[in-house]
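Everything on this sheet refers to the single structure shown next.
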Amino acid sequence: MKPLRCSKIGILFLSPPRFRSLGEGTENGTYQQRKEAEATRLLSRFDFAEPVFPGVVYTREDVLKAIRLFESEDVDMVFAHFLSWSDDFAWIRFLRDMKPVPLLYAYITREEPGFEDSLTEERFVEFLSAGGLVGTLEGSGSLTRVNRPMVKRIAGSIDSVMEETKVFAKAACLRSELSKVSFGLLPSYNEAMWSTYVDPYDLFMKVGPELRFLTIASLEEEIEAIPVEETQKAMERILDQYETYGEINREKMFASVEASIAMENVARKAGTELLVLNDIDQVLMRRIGLRPGFAPCPGTDDLMVVPEGDLGCGLACYILQKISGNHVNFIEPFHVDKRNNTFAAGHAGPHDYTTLGGKTIISTDARFAGSGLKHAGAPFAWHLIGPGEKTMVHISQCGGRFKLACAVVDSLETTHFLAGYSHGLFRSRIPAEEFFLKLIQVGVTQHYGLADGNWISHLREVAGLLDFDFTEIR
């Protein structure tokens, strides 16, 4: 998929007009000169984003200009910071008139005040200049009274504030992007797993993505339109890159690769970034004769495909990929081994077999090898999830609200041990029985996204901005 773009941040620095000319002729200049210099220094710390800065806000006119600029630039969020005490007429107008956007309200502490007393004009102006705490405390009252949505309050050193801002900004950017993206469902929800159902109207209104309903007929038409040479070339690339296990039926592998290319083409033509495939749909099985087993296809990285018609877990995988920039595996926990406090997890069907750190083997789909399907047992990319720290995330819906549950787990070194399923071996940070009991108490489904690294703080911010119920299992 396309990587998450750079966040666009509206910068709101507030300062009082009545102090502007104080300190003329002093060593460090007027109050206004000091605030403008401070603003310049702070702006240099937003190198991770695209800052939209209207200038320091002193007056009513300044704040109205800032609001117009932020809205015309369609910022993902606003970073608000009092440079010192300030009249609050500008601030309350911002809170009242700015359209709802994520708002980060920050108090930045100095390493040292910059003065020991205020007995000279130079030191007195610096004393006033260091009064950001006064402005922040005063402004916090209106912030609570207005009760805007999507507000986060932080305080700390410039380094800690910027680290928190990076996380919040990425979540805010993702929130913006979700309202512009489309997901595809091919061809339907999974009637064997009602608990995975997500209301597409709520998905659109509360999260953002538009859902496109795709058909098996369109998949069949796309399969017919693919040149034989294109499929053959893709199949040979896969066979050249990955080792095989057992005897590979090339005719059936050709059919699986062909269907995988066609599936991606259907999703691409519909303008989607995520395709949720009900890979055990009976019409798919009868008409296509297999479930496509090689997505992503060689040379493509613009789409994500997840199985079993689970739109909620598809959303979880999509969010995890966007915030991490990493490949994402779709898993369900299978069983616990109490002897060593581990659990096996993975999934059959389409799986991102290009995930770094893992190992992929081309193998027969043992689960369907004995079926009466046209391409029964067609080869697929059998992926072993690599070792390391992973974030595991689940999204489903209950009572009209979305819930997000997540945890950090460790993927362990192992070898392929579950035929027909891409899989791995994992250990939770708490005893496995306690870990899964906590998930059961949340009320989840069996499906989870999995990616390298610890992304809990990002997921917490995403859940907050999207008004999801959030649970970290730990």
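As the structure is a prediction and not an experimental result, all values here were calculated from the model.
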Does [X] have more than 12 heavy atoms from other residues, nucleotides or ligands lying within 6.0 Å of its [atom1]?
| X | atom1 | result |
| --- | --- | --- |
| Arg153 | CZ | yes |
| Lys438 | NZ | yes |
| Arg474 | CZ | no |
| Phe48 | CZ | yes |
| Glu112 | CD | no |
| Glu191 | CD | no |

Check whether the ring centres of Phe79 and Phe168 lie less than 6.0 Å apart, and answer yes or no.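 No - the distance between ring centres of Phe79 and Phe168 does not fall below the 6.0 Å cut-off.
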Please tell me whether Ser7 and Asp76 have a donor and an acceptor in their side chains that are separated by less than 3.5 angstrom.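 Checked: Ser7/Asp76 side chains show no N/O donor-acceptor pair below 3.5 Å.
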For the residue pair Glu308 and Thr196, confirm or rule out a side-chain donor-acceptor distance under 3.5 Å.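 No.
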So, are [X] and [Y] salt-bridged, with charged N and O less than 4.0 Å apart?
| X | Y | value |
| --- | --- | --- |
| Arg45 | Asp159 | yes |
| Lys8 | Glu73 | yes |
| Lys390 | Asp410 | no |
| Asp74 | Lys99 | yes |
| Arg429 | Glu389 | yes |
| Glu177 | Lys2 | no |
| Arg18 | Asp87 | yes |
| Arg110 | Glu126 | yes |
| Glu230 | Lys233 | no |

Return the set of residues passing ring-ring contact (aromatic ring centres under 6.0 Å, His included) with [X] (not counting sequence neighbours), or none when no residue passes.
| X | answer |
| --- | --- |
| Phe70 | none |
| Tyr189 | Tyr197 |
| Phe436 | Phe343 |

Determine whether a donor-acceptor pair (N or O, by modelled atom type, separation under 3.5 Å) exists between the side chain of [X] and the backbone of [Y].
| X | Y | value |
| --- | --- | --- |
| Lys403 | Gly443 | yes |
| His394 | His447 | yes |
| Arg148 | Leu95 | yes |
| Lys322 | Met1 | no |
| Tyr353 | Gly358 | no |
| Ser84 | Ser15 | no |
| Lys35 | Leu83 | yes |
| Tyr105 | Ser140 | yes |
| Glu122 | Asn28 | yes |
| Ser142 | Glu138 | no |

Look up atom [atom1] in [X] and atom [atom2] in [Y], then write down how far apart they are to the nearest 0.5 Å.
| X | Y | atom1 | atom2 | result |
| --- | --- | --- | --- | --- |
| Ile456 | Met392 | CD1 | CE | 10.5 Å |
| Ile385 | His327 | CD1 | NE2 | 13.5 Å |
| Ile108 | Leu133 | CD1 | CG | 13.0 Å |

Contact summary for [X] and [Y], nearest pair of heavy atoms:
| X | Y | value |
| --- | --- | --- |
| Met263 | Leu186 | CG-CD2, 4.3 Å |
| Ile319 | Leu466 | CD1-CD1, 4.5 Å |
| Val409 | Ser428 | CG1-CA, 4.1 Å |

Tell me whether the guanidinium CZ or amine NZ of Arg34 lies under 6.0 angstrom from the six-membered ring centre of Phe19 and within 45° of its axis.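 No, Arg34 does not lie over the aromatic ring of Phe19.
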In this structure, which one of Asp199, Asp202, Thr445 forms a side-chain hydrogen bond (donor to acceptor under 3.5 Å, both in side chains) with Gln397?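 Checked Asp199, Asp202, Thr445 against Gln397; only one passes side-chain hydrogen bond (donor to acceptor under 3.5 Å, both in side chains): Asp202.
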